[in-house]
Amino acid sequence: MEDAEWLAEIVGDACEVDRYLSDPLCDEAARLSHGNDLSMADAMILATALRHDADELYTTDHDLLAYEGPIEVVLV
């Protein structure tokens, strides 16, 4: 719990937090979900990373490794 609280406090300093949901972003997430057999939550994360032209996406979720595209998915 202590680690989670620490992470929640610093994530805004370390990352850009995107709280904007739009129809195009949701459409992209749905396409990614269906095309890569991802959960909607994983697809929303991936769609947001793509929207911000991320080079790498760090995750503990093995499911995202199925994605093949411009973002390198790195398992941590």
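Residue numbers start at 1 and run along the sequence shown. All figures in this text were calculated on a predicted structure; none of them were measured in a lab.
Here the straight-line distance linking atom OH of Tyr67 with atom CG of Asp42 works out to 13.5 Å at 0.5 Å rounding. Note that OG of Ser39 and CG of Leu46 are 10.5 Å apart. Values are rounded to the nearest 0.5 Å. The structure places CD1 of Ile71 at 8.5 Å from CG of Asp53, a figure rounded to the nearest 0.5 Å. For the atom pair CG (Leu50) and NE2 (His52), the distance works out to 10.5 Å, reported to the nearest 0.5 Å. Rounding to the nearest 0.5 Å places OG1 of Thr48 at 4.5 Å from CG of Leu25.
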Considering only distance and modelled atom types, tabulate donor-acceptor pairs under 3.5 Å from the side chains of residues 27-34, sequence neighbours left out.
residue: Glu28; atom: OE1; partner: Arg31; partner atom: NE; Å: 3.1
residue: Glu28; atom: OE1; partner: Arg31; partner atom: NH2; Å: 3.3
residue: Glu28; atom: OE2; partner: Arg31; partner atom: NH2; Å: 2.6
residue: Ser33; atom: OG; partner: Leu38; partner atom: O; Å: 2.6

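Legend: residues meeting side chain to side chain contact (heavy atoms under 4.5 Å, CB included) with Leu65, ordered by chain and number and at least two apart, are His62, Val73, Leu75. Glu2 pairs by the side chain to side chain donor-acceptor pair (under 3.5 Å) definition with nothing, not counting sequence neighbours. With sequence neighbours excluded, no residue forms a side chain to side chain donor-acceptor pair (under 3.5 Å) with Asn36. Scanning for side chain to side chain contact (heavy atoms under 4.5 Å, CB included) contacts around Pro24 gives Ser22, with sequence neighbours left out.
When hydrophobic side chains of Ile, Leu, Val, Met, Phe, Trp and Tyr are connected at separations under 4.5 Å, Val76 ends up clustered with Tyr58, Val74.
Counting non-hydrogen atoms of other residues, nucleotides and ligands closer than 6.0 Å to CD of Glu56 gives a total above 12.
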